[in-house]
K.L.:
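Mind having a look at this structure? Questions to follow.
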Protein chains: 2
Amino acid sequence: MTIKYAILGFLSWQPATGYDLKKLFEDSGTFHWSGNNNQIYKALVELHNNALVTLEVQQQEDRPPRKIYTITEKGRAALKRWVLSEPELPQIRNTFLVQLAWADQLTSAELDELAARYEEEVHTQLRMFRLQKQRNKVSPQRTPREEFLWSMIADNWISLYENELNWIRRLRHELTAYPES
Amino acid sequence: MTIKYAILGFLSWQPATGYDLKKLFEDSGTFHWSGNNNQIYKALVELHNNALVTLEVQQQEDRPPRKIYTITEKGRAALKRWVLSEPELPQIRNTFLVQLAWADQLTSAELDELAARYEEEVHTQLRMFRLQKQRNKVSPQRTPREEFLWSMIADNWISLYENELNWIRRLRHELTAYPES
DNA sequence: CAAATCATGTAATGTGTTACATGATTCG
DNA sequence: CGAATCATGTAACACATTACATGATTTG
């Protein structure tokens, strides 16, 4: 259900097509999940059915018509209500931890190599988030407070991955003290 | 598909029924996701079809028969192969960040209250993880290295939530410098 | 000349959650 | 006496991912 409100959020800045929204999702990084067609186009139909957005169709030659969606007052109200609703804990699924849980069957070398590959992945991802924060493509920066909020959102991801990187490095370091089983 | 390997992992310790596995998932905390019937019972059928587990049925009076699953050599090999497979980045979906992204429409009081509620949730969760680590119910502790790995898995969750708690506290603190829009 | 951009969508499949269903026994 | 435990499973729904489909235009 979050995707509907993320869409309403983007539309609260300015009207957009499904295609525009797709790119906003992609560029955001933060809202990576659900940058895909299926969910966006379906969500837009639903939002329209509930009168949270209106829709203007622009015919084009040689191309599919552009469907420009605009948020309604009802849509703005729904967005605000949702923003004020009870916050939930992040949902985290780390399959690497499941691998680790049964990694005692590995040799020290195998285990360290597995951990090293994870460290590398995390590190790469961290670099990407840091770059993304510099470029700062999506954020609107209309007010100082809004700019601050978007900066903190980027920091959330960065510090999460920094934390993960520290953790895996500590794991690798301390593993040297344990012989294989 | 992770659930299949998590089940194989538990079965690599000892044979178990679907019901046993369900409780192992619940108690683990770490593998919270997919402690539900549907996935466990379905996965067990699949594992059996692929000969990764064998199945012994114990008839009981007045109760459904117990189906005791035992991992096969093929199952152990599949588990090891998976444990050595390319580690993936954690999947994280934090809806609170989406709320924050469009929270500039709120008053300072509303925004701080929203953040305070998130802080409280995170804090509660952190306390639960810390308790769980002390109780240490699921881990087998058969070798020092295995014990260490399970301890690091618990630490991963704890440090992630500590990081989140620090982040939200910093956010609340620094927000005091920004007037509402 | 191949790939990306624009612009819509559908279909199939995978994964996860909640609720429903049964029914005796034991515990607080 | 109500709730939890034991033990299996099904059904409905929600949410996500990947691939397919079309087809002109622009860019490298």
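Below, read A as the first sequence line, B as the second, and so on, with proteins coming before strands; counting in each chain starts at 1.
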K.L.:
Would you say Q60(A) reaches dC6(C)'s phosphate, i.e. side-chain N/O to OP1/OP2 under 4.0 Å?
P.N.:
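So the side-chain polar atoms of Q60(A) never come under 4.0 Å of the phosphate oxygens OP1 or OP2 of dC6(C).
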K.L.:
What do the steps show when you test R170(A) against E174(A) for salt bridge (Lys or Arg N to Asp or Glu O under 4.0 Å), and what is the final call?
P.N.:
CA-CA 6 Å; R170(A) 194 181 119 219; E174(A) 293 189 21; 3.1 Å; yes
K.L.:
Does the distance from a Lys or Arg side-chain N to an Asp or Glu carboxylate O, for R142(B) and D104(A), drop under 4.0 Å?
P.N.:
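Judged by the 4.0 Å cut-off on N to carboxylate O distance, R142(B) and D104(A) do not form a salt bridge.
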K.L.:
Less than 3.5 Å apart, any donor N or O on the side chain of S151(B) or K133(B) sitting next to an acceptor on the other?
P.N.:
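Yes.
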K.L.:
In whole Å, what is the span from the CG atom of L44(A) to the P atom of dA7(C)?
P.N.:
15 Å
K.L.:
Does Y41(A) have a side-chain nitrogen or oxygen under 4.0 Å from the phosphate oxygens OP1 or OP2 of dT8(C)?
P.N.:
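Answer is yes, contact under 4.0 Å.
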K.L.:
Please give, in whole Å, the distance from dT5(C) P to L24(A) CG?
P.N.:
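Taking CG of L24(A) and P of dT5(C), I get 15 Å after rounding.
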K.L.:
From the options E164(B), H123(B), R172(B), E113(B), select the one residue that forms a side-chain hydrogen bond (donor to acceptor under 3.5 Å, both in side chains) with Y118(B).
P.N.:
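For Y118(B), the side-chain hydrogen bond (donor to acceptor under 3.5 Å, both in side chains) check succeeds only for E164(B).
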K.L.:
Quiz question: by atom type and distance under 3.5 Å, do the side chains of N49(B) and E46(B) form a donor-acceptor pair?
P.N.:
no
K.L.:
Working note: E162(A) + R130(A), criterion side-chain contact (heavy atoms from CB on, under 4.5 Å); need CA distance, chi angles, decisive distance, verdict.
P.N.:
CA-CA 11 Å; E162(A) 281 173 347; R130(A) 284 191 176 136; 2.6 Å; yes
K.L.:
Looking at E73(B), I want to see if its CD is surrounded by more than 12 non-hydrogen atoms of other residues, nucleotides or ligands under 6.0 Å.
P.N.:
no
K.L.:
For side-chain contact (heavy atoms from CB on, under 4.5 Å), just list the numbers for L11(B) and T70(B), CA-CA rounded to whole Å, side-chain angles, deciding distance to a tenth of an Å, and then say yes or no.
P.N.:
CA-CA 6 Å; L11(B) 292 181; T70(B) 305; over 6 Å; no
K.L.:
Output the rounded distance in Å from OH (Y69(A)) to P (dA7(C)).
P.N.:
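Distance check: Y69(A) OH to dA7(C) P gives 14 Å.
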K.L.:
For the residue pair S108(B) / E180(B), report whether a side-chain donor-acceptor contact shorter than 3.5 Å exists.
P.N.:
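A pair is found: one side chain offers a donor N or O, the other an acceptor, under 3.5 Å apart.
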K.L.:
Check the distance between dC6(D)'s P and E26(B)'s CD and give it to me in whole angstrom.
P.N.:
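Checked: the CD to P distance equals 11 Å.
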K.L.:
CG of L21(B) versus P of dG9(D): gap in Å, rounded?
P.N.:
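Computing the L21(B):CG to dG9(D):P distance gives 12 Å.
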K.L.:
Calculate the interatomic distance between E88(B) atom CD and dT15(C) atom C1'; express it in whole Å.
P.N.:
14 Å
K.L.:
How about W102(B) and F10(A): are their ring centres within less than 6.0 Å of each other?
P.N.:
yes
K.L.:
For the helix from dC1(C)-dG28(D) to dG28(C)-dC1(D), what is the angle between the axes at its two ends, each from 5 pairs, rounded to 10°?
P.N.:
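For the helix from dC1(C)-dG28(D) to dG28(C)-dC1(D), the axes at either end differ by 60°.
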K.L.:
I'd like a table of atom pairs between the protein and nucleotides 15-17 of chain D - only N or O on both sides, under 3.5 Å - with the distance next to each one.
P.N.:
unit_1	atom_1	unit_2	atom_2	d
dC15(D)	OP1	M1(A)	N	3.3
dA16(D)	OP2	Q39(A)	NE2	2.7
dT17(D)	OP2	S34(A)	N	3.4
dT17(D)	O4	N38(A)	ND2	3.1

K.L.:
Give a yes or no answer on whether the side chain of N156(B) reaches the backbone of I153(B) with a donor-acceptor pair at less than 3.5 Å.
P.N.:
no
K.L.:
To the nearest angstrom, how far is Q59(A) atom CD from dA7(C) atom C1'?
P.N.:
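Between C1' of dA7(C) and CD of Q59(A): 12 Å.
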K.L.:
Could you pull out the protein-nucleic contacts involving nucleotides 26-28 of chain C (nitrogen or oxygen on both sides, under 3.5 Å)?
P.N.:
none

K.L.:
Is it the case that more than 12 heavy atoms not belonging to Q14(B) sit under 6.0 Å from its CD atom?
P.N.:
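No, the 6.0 Å shell around CD holds no more than 12 heavy atoms from other groups.
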K.L.:
Could you tell me how far apart N37(B) (CG) and dC20(C) (P) are, to the nearest whole angstrom?
P.N.:
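Going from N37(B) (CG) to dC20(C) (P), I get 14 Å.
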K.L.:
So does Y19(B) get a side-chain nitrogen or oxygen closer than 4.0 Å to the phosphate oxygens (OP1/OP2) of dC6(D)?
P.N.:
yes
K.L.:
Using only side-chain N and O atoms of K22(A), determine if any of them is under 4.0 Å from OP1 or OP2 of dT8(C).
P.N.:
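For dT8(C), neither OP1 nor OP2 has a side-chain N or O of K22(A) closer than 4.0 Å.
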K.L.:
Quick one: is T17(B) getting a side-chain N or O under 4.0 Å of the dC6(D) phosphate, OP1 or OP2?
P.N.:
no
